[in-house]
Amino acid sequence: MTNPTPLIDSHGRVHTSLRISITDRCNIRCFYCMPAENVEFRPREEILTYEEIERFASVAARLGINRLRITGGEPLVRKNLAGLIERLSAIGGIDDIALTTNGVLLAEQAAALKNAGLQRLNISLDTLDDDVFFQLSRRRGIDQVIAGIHQAQKLGFDKIRLNAIAIKSITEQAIVPLATFARQYDLELRFIEFMPLDADDQWQRQQVLTGDEIKNILEASFCELLPVTRDDVCQPAIDFRFADGQGRIGFINPLSHPFCHNCNRIRITAEGQLRNCLFSTTEWDARELLRNEATDDELETLIRSCVCSKNAAHGIDSDTFIKPQRAMYQIGG
Ligand code: SAM
């Protein structure tokens with residue numbers, strides 16, 4: 001069934017992973033991602049239906065995509081996500097379906113998602129402190145997130161990762177409590193460097209709290225962190241384990257240690273625009289094809305054209321870098 005020609009770009013990278021944003025809506029308002037007020041969401045009719053997403057994913061699977069990640073906005077605010085997971089699980093060639101969520105609605109949906117075939121969960125958790133959570137997300141909800149994490153563990157999701165953003169002068173205080181929590185509950189914790197994808201355009205290079213700085217803080221508080229050999233070179237994190245045997249930590253360092261050379265990902269936004277990078281300034285219109293009776297071959301041509309045009313690197317630190325028009329919640333993180 002799979003097309004023998006892989007999705008390979010002009011830099012030799014084979015693409016096997018598709019991130020699917022299913023909504024730009026969110027139930028919190030993190031300052032590093034969304035505006036505080038008057039967010040302009042895409043009208044519902046522009047958002048791909050589950051049937052359209054399934055069709056697109058089937059064509060992508062034919063081209064060698066075998067891993068899917070559902071994201072947003074907040075994917076759990078869209079109705080019947082379990083129904084979509086069930087459809088995607090049935091696509092031949094898809095080996096892995098993961099979800100990135102803020103966890104606020106997870107406790108109530110986790111069982112249905114697991115039954116539908118969801119395999120892995122990344123839960124964004126920047127702090128354990130209710131007031132800091134409010135300061136970052138402009139909403140309350142930390143208790144629901146923690147309840148969601150515990151419920152997911154209870155249901156037997158085996159690989160639950162916590163993702164914490166790292167922003168200088170803001171999130172340092174959360175590092176040790178988050179690591180303590182992750183070690184206590186045997187969860188993998190990853191820190192992600194702040195990227196220039198905030199809606200308010202306030203990002204500054206000096207706000208990036210690097211993975212190396214966080215590693216130093218953790219080693220000073222716990223014990224040495226020992227490097228872990230990667231099973232999958234395409235995954236973005238550099239992983240470590242605590243020398244005392246209790247837990248693992250990963251660092252996603254797009255600024256201090258870019259990993260573009262191993263990137264195997266493409267993304268489709270909630271309204272069906274295909275992107276070859278978070279920092280793309282070009283998009284390929286899959287919705288137009290999906291809504292105009294395009295053939296699978298036409299969709300394939302679009303996907304190949306998007307992959308072929310991928311730049312060697314995001315180029316954030318280059319003089320020619322242009323910040324994408326869209327913020328993270330509009331692309332799909
Ligand atoms: N709502 C879901 C969630 O919170 O996980 C999925 C979408 S959210 C955009 C995905 C991830 O992107 C979150 O872990 C969030 O912290 C991260 N993120 C958002 N804006 C970011 C930025 N400017 N730099 C780095 N990471 C960012």
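Both counts, for ligands and for their atoms, begin at 1 and track the order of listing. Counting begins at 1 with the first residue of the sequence.
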Does this structure show an ion pair linking E298 with R55, if we count only N-O contacts that are shorter than 4.0 Å? no
Thinking salt bridges, do D239 and R230 make one under a 4.0 Å N-O criterion? no
Among M195, Q330, E74, Q202, closest by any non-hydrogen atom to atom 2 (C) of ligand 1: E74
Could you list the atoms of ligand 1 found under 4.0 angstrom from a heavy atom of [X]?
| X | answer |
| --- | --- |
| T100 | 2 (C), 5 (O), 6 (C), 10 (C) |
| E193 | 25 (C) |
| T101 | 2 (C), 3 (C), 4 (O), 5 (O) |

In terms of heavy-atom contacts, Q144 and V104 come closest through CB-O, 3.4 Å
Can you pull out the closest protein heavy atom to [atom]? Residue, atom name and distance to 0.1 Å, please.
| atom | value |
| --- | --- |
| atom 6 (C) of ligand 1 | G73 O, 3.2 Å |
| atom 21 (C) of ligand 1 | Y32 CD1, 3.7 Å |
| atom 5 (O) of ligand 1 | S124 OG, 2.6 Å |
| atom 19 (C) of ligand 1 | M328 CG, 3.4 Å |
| atom 26 (N) of ligand 1 | I165 CD1, 3.6 Å |

D24 side-chain N/O to R42 backbone N/O, donor-acceptor pair under 3.5 Å: yes
Which pairs would a plain distance check flag for residues 308-318, meaning a side-chain donor or acceptor within less than 3.5 Å of a matching protein atom at least two apart in sequence or in another chain?
residue	atom	partner	partner atom	Å
S309	OG	S305	O	2.8
K310	NZ	H15	NE2	3.0
K310	NZ	R265	O	2.9
K310	NZ	N276	O	3.0
H314	ND1	I316	N	3.0
H314	NE2	P254	O	2.8
D317	OD1	R205	NE	2.9
D317	OD2	R205	NH2	3.0
S318	OG	G315	O	3.1
S318	OG	T320	N	3.3
S318	OG	T320	OG1	3.1
S318	OG	F321	N	3.4

Side chain, backbone, both or neither: T71 near ligand 1, heavy atoms under 4.0 Å: side chain
Hey, quick one: are I22 and I47 part of the same hydrophobic cluster, counting side-chain heavy atoms closer than 4.5 Å, chains of contacts allowed? no
Run the ring-centre check on H257 versus F251 and record whether the distance is less than 6.0 Å. no
